[in-house]
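For reference, the structure is listed below as structure tokens.
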Amino acid sequence: MVKILDSTLREGEQTPGVCFNNHIKTAIADSLDQVGVDIIETGHPVVTEEIHEAVKLIASRGLKATIGAHARSVQNDVDVALQCGVGFLGIFYCVSDSRLSHHSKSLKEVIDKITSIVSYAREQKPDLFIRYTPEDTVRSEWSNVVTAAAEAVHAGANIISVADTTGYMIPGTDRSMYDYVKRLKEALAAKNAFPTIAVHCHNDRGLALANALDGYRAGAEIIDATVLGLGERAGLVDLASLLSVLAVDFGQSDRWDLKKLPELYALVSRYSGFATPDLMPITGKNAFTHCAGVHTQAAIKNPLHYQSIDPELFGRKSSLSLDHMSGLSAVKYALDSIGAQNLDDELTQQVLEKVKETGQMGRVVDLEELKHILNHLKKERIHSIESKTKDRAFTLANS
Ligand code: COA
Ligand code: ZN
């Protein structure tokens, strides 16, 4: 069964400018735990004393999720992480030829380093989940990755993460994550190594979620994600989008409390300084809002005509917006919801015209403004009847 690793607190803090206070980090960890993610990656403890403290704090909270930390292939990084009491440790080292030459090291030297660090961590904590990530996996030389990963598993790593560090993969091409994961599992099995495969997909080409699902279909059992897709450059897989696809399309609807997502997103959005974009799937303001007249007319009768995901799964509702794209059906529906039923056709038409006029100014008419429009038009109508009556009386008096 697929596990979700949330890295909002680790990769998310690699978003330029994002830094959560520790009281916010614990609140985010609690909220992620309520949603039901399996692993919470909390940070790289040697980076700052505050992160060290946060990892410790979260690991001691007794959450259901496994609490993880990040470490370079450096013994001090491992020691500091393990002192925090984590149950999961992510150890990384890139084995591409270009990085090896940058470090002036041979593949053998680097693999010796990785295996000694992995087996050291294993000795310190026998029940630790140890993930080894050959950073930039998919662009690294294949034989380097397979050798390093197999050796890491033999040294005690349970998880190998396929990192698309630069968002390089494209589904259905010779850069397919599906093919990569399949081939890697086979190549490792041939070396008698059977790790859990994780996928860490960056969004540089806007394909992070597609690639992660490709990896999952090929047998990856851990998928990394962050709230809002926070992370380096264009970020990572967005957690809510990922959970929605797994729940709605891959039959895993009972795994997570999806109704808790809006609260989690509001929290992360507020303290990361990144507003949830209105167009964001699932959590964005417009994600379940119908606009064009033809859509709203059909969606009022049955929302499924224009939506393939039920908003109530996420504690949300369908709505419609009123602007220059509206038609009579949308306006009647909105009038009904403010208690203005059975208006005559002329007045309803006038309301629609005002809505379109306002929409053309680049504004959406909300229900509050709709009340003002209606009151205004009703007053205008009374005024015009009164003045017509006066004019008539005047004409009669003069005749
Ligand atoms: N394993 C072992 N060493 C690694 C490594 C790895 N996977 N990746 C990088 N390194 C080494 C580099 O070679 C370099 O060391 P060197 O200068 O002796 O060659 C060092 O780590 C990184 O350079 P730099 O940042 O200048 O070193 P630093 O000692 O000032 O700080 C950190 C190290 C980790 C504390 C600092 O880079 C940091 O705060 N990083 C934020 C977290 C991060 O980078 N995460 C990456 C997630 S993929
Ligand atoms: Zn990353």
Side-chain angles (χ1 to χ4, degrees), residues 5-20 39 41-55 68-81 89-96 98-107 109-118 120-121 130-140 144-145 148-149 151-152 155 157 159-169 177 198-205 207-209 211-212 215 222-239 242:
L5 180 149
D6 182 274
S7 190
T8 306
L9 300 177
R10 197 277 295 171
E11 174 92 42
E13 275 210 337
Q14 290 175 223
T15 316
V18 172
C19 181
F20 301 110
I39 303 159
E41 201 173 47
T42 50
H44 186 158
V46 299
V47 170
T48 64
E49 196 37 56
E50 288 70 22
I51 292 177
H52 184 191
E53 194 53 38
V55 176
H70 221 211
R72 293 171 297 172
S73 297
V74 171
Q75 189 176 323
N76 184 52
D77 283 26
V78 172
D79 286 335
V80 176
L89 186 63
I91 296 171
F92 60 96
Y93 209 128
C94 184
V95 290
S96 71
S98 69
R99 289 296 285 278
L100 294 176
S101 71
H102 168 85
H103 289 298
S104 309
K105 288 198 164 80
S106 69
L107 181 63
E109 281 174 294
V110 166
I111 291 181
D112 285 349
K113 181 80 192 154
I114 295 162
T115 51
S116 72
I117 290 293
V118 168
Y120 174 76
I130 302 177
R131 177 190 67 197
Y132 165 60
T133 304
E135 259 187 300
D136 203 2
T137 317
V138 298
R139 293 193 310 161
S140 300
N144 294 9
V145 169
E151 295 287 324
I159 303 161
I160 296 296
S161 179
V162 177
D164 185 9
T165 305
T166 65
Y168 175 72
M169 299 302 254
M177 191 57 117
V199 282
H200 182 83
C201 300
H202 274 269
N203 205 30
D204 299 67
R205 287 174 172 73
L207 294 171
L209 176 59
N211 287 324
I222 299 179
I223 305 177
D224 295 5
T226 55
V227 174
L228 287 164
L230 292 176
E232 291 275 350
R233 304 180 315 281
L236 214 63
V237 173
D238 170 52
L239 177 70
L242 172 66

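Heavy atoms only: backbone and side chains are in, while hydrogens, waters and symmetry mates are out. Just so you know, ligand 1 is whichever comes first in the structure, and atom 1 is the first atom listed for that ligand. For this chain, numbers begin at 1 and follow the sequence in order.
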Note: Ser140 and Val145 closest approach over all heavy atoms is CB-CG2, 3.7 Å
Once side-chain contact (heavy atoms from CB on, under 4.5 Å) is applied, do any residues pair with Ser116, and if so which ones, sequence neighbours excluded?
none
According to side-chain hydrogen bond (donor to acceptor under 3.5 Å, both in side chains), who are the partners of Glu13, at least two apart in sequence or on a separate chain?
Lys25
Taking all atoms of both residues into account, what is the closest heavy-atom pair of Ile223 and Leu242, and its distance?
CG2-CD2, 3.6 Å
Nearest heavy-atom contact between Ile51 and His44 is CG2-O, 3.5 Å
With a 4.5 Å limit on heavy-atom distance, are the side chains of His202 and Glu11 in contact?
yes
Nearest heavy atoms of Cys94 and Asp136, plus distance in Å:
SG-CB, 4.3 Å
Arg131 vs Ile222, side chain to side chain contact (heavy atoms under 4.5 Å, CB included): CA-CA, chis, key distance, verdict
CA-CA 11 Å; Arg131 177 190 67 197; Ile222 299 179; over 6 Å; no
Return a table of N or O atom pairs, ligand 1 on one side and protein on the other, at distances under 3.5 Å, rounded to 0.1 Å.
residue  : atom   : partner : partner atom : Å
ligand 1 : 1 (N)  : Ser73   : N            : 3.0
ligand 1 : 7 (N)  : Phe92   : O            : 2.6
ligand 1 : 21 (O) : Arg72   : NH1          : 2.9

Whether the His103 and Glu109 side chains hold a donor-acceptor pair (N or O, under 3.5 Å, no angle test) is what I'd like checked.
no
Please list, in chain and residue-number order, the protein N/O/S atoms closer than 2.8 Å to the Zn ion (ligand 2).
Glu11 OE1, His200 NE2, His202 NE2
